[in-house]
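Okay, structure first, notes after.
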Amino acid sequence: MKTLGSSKVFFLVLALAIRSCSSEGFLTWNVQIVNGLSGGNTLFLHCKSEDNDLGIHNLAVGAKFSWDFTPNVWGTTLYWCYLRNNEEHKWFDAFLSQSDDGYNGFARSCNYKTCTWIARDDGIYLRNIPNKSDDFVHKWEPGQ
Ligand SMILES: *[C@@H]1O[C@H](CO)[C@@H](O)[C@H](O)[C@H]1NC(C)=O
């Protein structure tokens, strides 16, 4: 019978222990940005993380931009987005690891899987999947 070296077993156990401490675990998350503006307004967006620039996108009304990722085991994954409508803008955290109880019920709203941010005329909403609602989170800020 083949056996694993004890150092391999040690690192495997360590890796699993770290994973199980994080609510994100091995799961893949999906973040979506939706243009819910009225009046045919284009939504300009630019999202990125520390090592991943998702580029600049212009969304027509009703269109959606989305991406998948697996949060790192350290719980430091952060994606932030810059959104802009005609006259206003907002920078915000579109995904923040270990945000379970800290960030506006963020992870629970996303059902630990899908965070849908909707840009509307009065601000940016986060879809609350368990409660079947869209919750107002951020006001637009004037200017660009
Ligand atoms: C859903 O709504 C209830 C009642 O308002 C609230 O207590 C709960 O925290 C909400 N759940 C989420 C995920 O926001």
Side-chain angles (χ1 to χ4, degrees), residues 4 6-144:
L4 287 169
S6 63
S7 66
K8 274 189 195 147
V9 171
F10 174 76
F11 283 112
L12 183 65
V13 169
L14 182 67
L16 289 173
I18 291 170
R19 283 288 193 177
S20 61
C21 286
S22 133
S23 59
E24 288 92 25
F26 293 99
L27 300 176
T28 298
W29 284 67
N30 176 252
V31 176
Q32 316 189 346
I33 310 288
V34 178
N35 181 350
L37 298 169
S38 68
N41 273 311
T42 298
L43 178 71
F44 172 98
L45 73 91
H46 189 181
C47 296
K48 52 190 171 179
S49 67
E50 200 176 326
D51 28 52
N52 198 6
D53 190 326
L54 302 174
I56 283 168
H57 301 269
N58 286 291
L59 295 186
V61 172
K64 171 172 98 177
F65 174 74
S66 83
W67 69 97
D68 294 320
F69 62 96
T70 305
N72 67 39
V73 292
W74 317 116
T76 57
T77 301
L78 166 65
Y79 276 93
W80 66 97
C81 290
Y82 172 80
L83 302 190
R84 192 170 78 211
N85 62 24
N86 266 347
E87 295 136 6
E88 300 156 308
H89 75 282
K90 182 66 193 173
W91 275 106
F92 68 101
D93 297 335
F95 177 84
L96 187 59
S97 265
Q98 299 185 341
S99 54
D100 197 347
D101 39 25
Y103 195 75
N104 200 36
F106 181 108
R108 281 185 301 135
S109 292
C110 305
N111 221 9
Y112 301 93
K113 190 169 174 58
T114 308
C115 294
T116 303
W117 295 98
I118 304 145
R120 297 209 172 126
D121 293 342
D122 57 342
I124 297 159
Y125 290 70
L126 177 62
R127 181 146 297 156
N128 186 327
I129 296 170
N131 280 3
K132 297 188 169 59
S133 58
D134 293 339
D135 300 344
F136 180 87
V137 183
H138 299 293
K139 233 168 104 71
W140 292 107
E141 288 171 15
Q144 315 230 314

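Atoms within each ligand, like the ligands themselves, are counted from 1 in listed order.
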Q | salt bridge (charged side-chain N to carboxylate O under 4.0 Å, His left out) between R120 and D134, worked out | A | CA-CA 11 Å; R120 297 209 172 126; D134 293 339; 2.8 Å; yes
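- Of the N or O atoms in N128, one or more lie within a sub-3.5 Å distance of an N or O in ligand 1.
- Remark: ligand 1 and N131 share an N or O pair separated by less than 3.5 Å (distance only, no angle test).
- Ring geometry, F92 versus H138: the interplanar angle falls from 30° to 60°, so the pair is classed tilted.
- Aromatic ring pairs are classed by plane angle as parallel below 30°, tilted from 30° to 60° and perpendicular above 60°; the pair Y82 and F44 is perpendicular.
- Residue-ligand proximity, R108 to ligand 1, at heavy-atom distances under 4.0 Å covers atoms 9 (O), 11 (N), 12 (C), 13 (C).
- For the 3.5 Å distance criterion, the side chains of N58 and T42 fail to qualify, holding no donor opposite an acceptor.
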